[in-house]
> 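This structure is in structure tokens; I'll ask about it shortly.
A quick note: this is a predicted structure, and the numbers were derived from the prediction, not measured. In what follows, chains carry the letters A, B, and so on, assigned in the order in which the sequence lines appear, proteins first and then strands, with residues in each chain numbered from 1.
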Amino acid sequence: MKTPFDFSGYRVLVAGGSKGIGRAIALGFAQAGASVSACARGAQALAALDSELEAFGGSTHTHACDLSKPEAIAEWISTAAEALGGIDVLVNNASGYGFDGDDDASWIADFEVDLMAAVRASRLALPHLEQSDHASIVHTSSIAALHPRVSGAPYAALKAALSSFTGSQALQLADRRIRVNAVAPGSIEFPDGLWDQVRKDQPQRYESIRDSIPFGHLGAPEDVARVVLFLASPMAAWITGQTLCVDGGQSLNG
Amino acid sequence: MNFAFDFSGYRVLVEGAAGALGGIDVLVNNASGYGYDARDDDSWLAEFNADLMATVRASRMALPYLERSSHPSILHITSIAALHPRASGAAYAALKAALTHSTGSQALTLAPMRIRVNAIAPGSIKFPGGIWDRTRREDPQQAHIVRRNVLPLA
């Protein structure tokens, strides 16, 4: 993924970084010269990412981590900061994917991973970010945060909470010149991802989503990663507290 | 984090109330965890449980009764804090934003059953012993600032 950005000397942490959007973000930063640490639950996908990251020549660090566990987040942040020698950018990309509002499990999974993992990782990274000259935090929200919906209500409600927090956190950290922003991806497709599965199992649903996107197809992880790199870059030095839709116009259709 | 929350109280409350009143037509969810300190997890958890999950759980348990009513509705109490991000009280604001969002989703979900779902978003409300009554007594300067700068009708 070629980008115009130069992140040489940046130390970047990506939570939820082994697959899909998170993987593209981690690789994008590494290719642009950053040192990268990624954490995720799946050790196998993480090991594959680790060798891909190393190919770019910067220092890398990966850590298997269940982001619903506060102590696991603490361990990742401290080992990552030590391995990279500090933190300039924190990307909170993980999701609990709780789509079923009928039981509590989905609500709790989204609360813990989509919202609280971002709150906790930020809190722990803060002392390091405070020492950086170009500190920023980027959260992955969703266009689901924009409109209420029948299906996937917990996911949407907790992403709305995360978008709210993005603005609040930007206000809290403005005096330290730490910028905080979020991306709100639309439907993003990649091998073995959610929409890849829907395309195989529910072709009609897939087609109706595809037809709702003005650009006529689903997005790719790199489409989102490029915007995350932009938000973390000096090009976005005057942007804070914003949630930027990256969706090929999908949210324009309501 | 401890989610081993005791729901049996909810069930006793909702079913006890339905029994005592002979059914349920209207459910009002007004409770708040008042979690204003976003620096530790306690506020976030209190907000999640009281402002969001209590409405989800009470609605779920009341649903069989509401379905039998000819004029059912659910009313949540959210807050104008849901509208704008803020440095102070971020946890309260974020979970009220989740509640406002969830109100719309629930309205869509229950529309086929003709169960209406709405929320009201109060501003700063004063009553004896309440937060603003205390602020008026303990921090009159802050109360004056809110009155003068924030409330157009004051």
Side-chain angles (χ1 to χ4, degrees), chain A residues 68-71 73 98-99 101-112 114-120 122-123 126 139 141-142 144-175 180 182 240-243, chain B residues 1-5 7 10 35-45 47-49 51-57 59-61 63 76 78-79 81-112 117-119:
Chain A
S68 69
K69 303 276 186 293
E71 59 280 5
I73 297 172
F99 291 118
D102 290 337
D103 63 32
D104 281 0
S106 280
W107 292 96
I108 291 170
D110 282 325
F111 174 67
E112 288 284 16
D114 295 68
L115 182 62
M116 291 310 290
V119 169
R120 291 168 179 147
S122 300
R123 189 188 294 147
L126 189 57
H139 303 300
S141 183
S142 165
L146 300 176
H147 302 289
R149 44 166 53 199
V150 174
S151 161
Y155 177 78
L158 273 304
K159 287 300 195 189
L162 180 61
S163 288
S164 167
F165 177 61
T166 300
S168 296
Q169 192 183 29
L171 282 169
Q172 289 162 359
L173 302 181
D175 59 349
V180 185
T240 195
Q242 304 305 305
T243 300
Chain B
M1 189 175 285
N2 181 22
F3 279 105
F5 193 76
F7 309 121
Y10 280 76
Y36 293 121
D37 185 358
R39 284 171 301 181
D40 62 35
D41 281 0
D42 294 349
S43 281
W44 291 97
L45 186 56
E47 284 302 315
F48 177 64
N49 271 323
D51 294 63
L52 183 61
M53 291 313 289
T55 75
V56 169
R57 291 163 181 153
S59 300
R60 191 187 296 148
M61 287 169 191
L63 189 57
H76 303 302
T78 179
S79 165
L83 300 175
H84 301 289
R86 43 167 52 197
S88 161
Y92 178 78
L95 273 304
K96 287 298 196 190
L99 176 59
T100 298
H101 192 286
S102 167
T103 299
S105 296
Q106 193 180 31
L108 283 169
T109 306
L110 302 181
V117 185
N118 292 286

> Looking only at heavy atoms, what is the nearest atom pair of B:Ala98 and A:Ala161, with distance?
CB-CB, 4.0 Å
> Go through the atoms of A:Asp110 and report whether side chain, backbone, both or neither lie under 4.5 Å from a heavy atom of chain B.
neither
> A:Arg123: which residues meet the salt bridge (charged side-chain N to carboxylate O under 4.0 Å, His left out) condition with it, sequence neighbours left out?
B:Asp41
> Which atom names give the shortest non-hydrogen contact between B:Ser102 and A:Ala157, and what distance separates them?
CB-CB, 4.2 Å
> For a quick test of reading the model, state the closest non-hydrogen atom pair linking A:Phe165 to B:Trp44 and the distance between them.
CD1-CH2, 3.6 Å
> Taking side chain as everything from C-beta outward and backbone as N, CA, C, O, which of these in A:Ala145 sits under 4.5 Å from a heavy atom of chain B? Side chain, backbone, both or neither.
backbone
> Taking all non-hydrogen atoms of both residues, which atom of B:Arg60 and which atom of A:Gly101 are closest, and how far apart?
NH2-O, 3.9 Å
> Looking at every non-hydrogen atom in both residues, tell me the closest pair between A:Gly167 and B:Pro85 and how far apart they are.
C-CB, 3.2 Å
> With chain A, which of B:Arg39, B:Gln106, B:His84 has the greatest number of heavy-atom pairs at distances under 4.5 Å?
B:Arg39
> Identify the two heavy atoms, one from A:Ser164 and one from B:Ala94, that lie closest to each other, and give their separation to 0.1 Å.
OG-CA, 3.5 Å
> Could you tell me which of A:Arg149, A:Lys159, A:Gln169 has the largest number of non-hydrogen atom pairs under 4.5 Å with chain B?
A:Arg149
> At a 4.5 Å cut-off on heavy atoms, which part of A:Leu115 comes close to chain B: side chain, backbone, both, or neither?
side chain
> Please round to the nearest 0.5 Å and tell me the distance separating atom OG of B:Ser105 and atom NE2 of A:His147.
11.5 Å
> Among A:Ala156, A:Ser163, A:Ala170, which has the most heavy-atom pairs under 4.5 Å with chain B?
A:Ala156
> Not counting sequence neighbours, which residues clear side chain to side chain contact (heavy atoms under 4.5 Å, CB included) with B:Leu63? List them please.
B:Glu67, B:Leu110, B:Ile115
